[in-house]
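Accompanying notes for the structure given below.
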Amino acid sequence: MSNCLVVGGGIIGLSLAYELARRGLSVTVVEQGEWGGQASSAAAGMLAPLKEFSSTGPLLDLGMDSLSLYPQWAKELEAYTAGDVQLSLDGLLTVALNEREEETLKAKYKWQREAGYDVQWLMGKELQEVEPLLTNLATAAIYSSKEGHINNRMLLRALVTACQQMGVVLHAGCVVSRLAHTAGRVVGVDTTSGPIRADHTIVCSGAWAGIMLEMVGVSIPVRPVRGQIAAVSSVGIPLRTVIFGTSGYLTPKKDGRIVIGATEDESGFQCEVTLAGLASILQGVMPYVPALHAATFLEAWGGLRPATADGKPLLGEVPGWDGLSLAGGHFRNGILLSPITAKRMADWIEKGQKEPLSPFLPERFLNADEPSRLINR
């Protein structure tokens, strides 16, 4: 019997398992498919809270705190695995191509500067100096010099290896059929590989988290949003900088790819790449870097992002049940938020520290007048 059971082997589940094991707890992880097979692999590995979040507040603070953890976190993982997770915090551009976009971008720049963030407003030759391949049609951009990206596939492999070295028990291809409980306490899961018991169970199953919690009568809205993404070869296209636009983004990777994306489509649990989705991705980025017209296409893929109604993740205890917590709903920021999620959830599980999770507690979606537990289920 483990101290902790993590249900879900994506970036959030593996990061939490690694952090808990580092603290000396015994940990088991169960994953219904492959490690990081959904949102974690269908990502560009963006580490860009100032781009992703539209105002100051708890979510931006969470993102900035997580970004600050990344250099040391990546260094530790690389030491465990003797591999490179290709962390790059060399800055990114959020680009306007016309006056309307420029006005919107200028408003964002204004509140970010007033909040004290390190961003610059670039125009004309300044843009070309940062990214020579950027189109001459670009009128202005916000340059955030301390944001960047990571190779999410290599990060996932590093986390799996680090977990193995830390003694975490990993079960892939293991489907949960039931959250086992007794007297109002969750005591583990029943799976296709047999029962697994633990003192504390943490649901980290991404877009499937809502389905998992329905097993104990808890209704918390987490829905899947398909993200389709593609990659082209960077041969002959020496892109230096991450570029965000209103219709897409480009991320130059150290492995010879430029990752481009991405769609957001409501498709239920279907994650296949569609022709319309692929066309949207390609057409969306080419206006920013004309050289992409000659790029060699490499691959395209899709995955399911876990979305919540208010855009904030779900972190903390599940009301009505002892021994059950949730870490999910990160939408398209699971890569960015993984180290801070792991740290704060581990602080909750190990030390009972609940206050840092207060803006993100699952209870915000539960009606106090309705029971959150179904007895005898």
Side-chain angles (χ1 to χ4, degrees), residues 10-11 14 34-48 51-52 67 70 74 77-78 81-95 130-135 144 147-161 226-245 247-264 271-275 277-305 332-336 338:
I11 189 74
L14 291 170
E34 300 176 355
W35 302 117
Q38 286 299 326
S40 301
S41 57
M46 295 293 191
L47 305 176
K51 167 61 183 71
E52 288 291 332
L67 182 65
Y70 248 101
L77 287 171
E78 288 174 343
T81 62
D84 182 7
V85 295
Q86 296 185 354
L87 176 65
S88 175
L89 297 177
D90 299 328
L92 56 86
L93 291 168
T94 306
V95 178
V130 173
E131 182 47 72
L133 292 182
L134 184 65
T135 176
S144 177
E147 295 182 297
H149 59 100
I150 195 166
N151 189 313
N152 50 299
R153 294 177 179 178
M154 292 183 175
L155 177 61
L156 281 164
R157 287 197 289 269
L159 280 166
V160 171
T161 301
R226 179 169 56 187
Q228 299 180 59
I229 195 166
V232 298
S233 172
S234 62
V235 174
I237 309 173
L239 192 67
R240 296 178 183 176
T241 311
V242 176
I243 296 174
F244 277 98
S247 58
Y249 60 75
L250 304 98
T251 313
K253 297 295 184 182
K254 296 178 182 178
D255 60 7
R257 299 178 301 150
I258 300 174
V259 176
I260 59 179
T263 68
E264 291 180 12
C271 60
E272 296 82 3
V273 175
T274 66
L275 191 58
L278 183 57
S280 173
I281 294 166
L282 300 177
Q283 293 169 4
V285 297
M286 284 192 288
Y288 296 92
V289 177
L292 282 175
H293 285 80
T296 300
F297 180 81
L298 296 177
E299 59 177 325
W301 60 96
L304 300 176
R305 305 184 184 102
R332 63 185 192 186
N333 291 295
I335 305 294
L336 167 65
S338 51

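When reading the values below, keep in mind they use all heavy atoms of this one structure, side chains included, and skip hydrogens, waters and symmetry mates.
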Fill in: Qualifying residues under side-chain contact (heavy atoms from CB on, under 4.5 Å), relative to Glu299, sequence neighbours excluded
Arg153, Ala231, Arg257, Trp301
Worksheet, complete the sentence: Across all chains, not counting sequence neighbours, the side-chain contact (heavy atoms from CB on, under 4.5 Å) partners of Thr81 are Ala158, Thr161
Drop me the distance from [X]'s [atom1] to [Y]'s [atom2], to the nearest 0.5 angstrom.
| X | Y | atom1 | atom2 | result |
| --- | --- | --- | --- | --- |
| Leu156 | Asn152 | CG | CG | 6.5 Å |
| Leu134 | Thr241 | CG | OG1 | 9.0 Å |
| Gln86 | Lys254 | CD | NZ | 6.5 Å |
| Tyr70 | Leu77 | OH | CG | 9.0 Å |
| Asn151 | Asp84 | CG | CG | 8.5 Å |
| Leu159 | Ile11 | CG | CD1 | 5.0 Å |

Practice prompt. Over all heavy atoms of both residues, which pair between Ala295 and Ser233 is shortest? Give the atoms and the distance, please.
Written response: CB-O, 4.2 Å
Worksheet item: Which atom names give the shortest non-hydrogen contact between Pro252 and Leu239, and what distance separates them?
Response: CB-O, 3.4 Å
Practice prompt. Assess whether side chain to side chain contact (heavy atoms under 4.5 Å, CB included) is satisfied between Val289 and Val285, documenting all intermediate values.
Written response: CA-CA 7 Å; Val289 177; Val285 297; over 6 Å; no
Worksheet item: Out of Leu92, Leu47, Thr94, which one pairs with Glu147 under the side-chain contact (heavy atoms from CB on, under 4.5 Å) rule?
Response: Leu92
Worksheet, complete the sentence: Those residues at least two apart in sequence (or on a different chain) that pass ring-ring contact (aromatic ring centres under 6.0 Å, His included) with Tyr249 are Phe244
Sequence neighbours left out, what passes salt bridge (charged side-chain N to carboxylate O under 4.0 Å, His left out) with [X]? Give chain and number order.
| X | answer |
| --- | --- |
| Asp90 | none |
| Glu78 | none |
| Arg332 | Glu52, Glu264 |

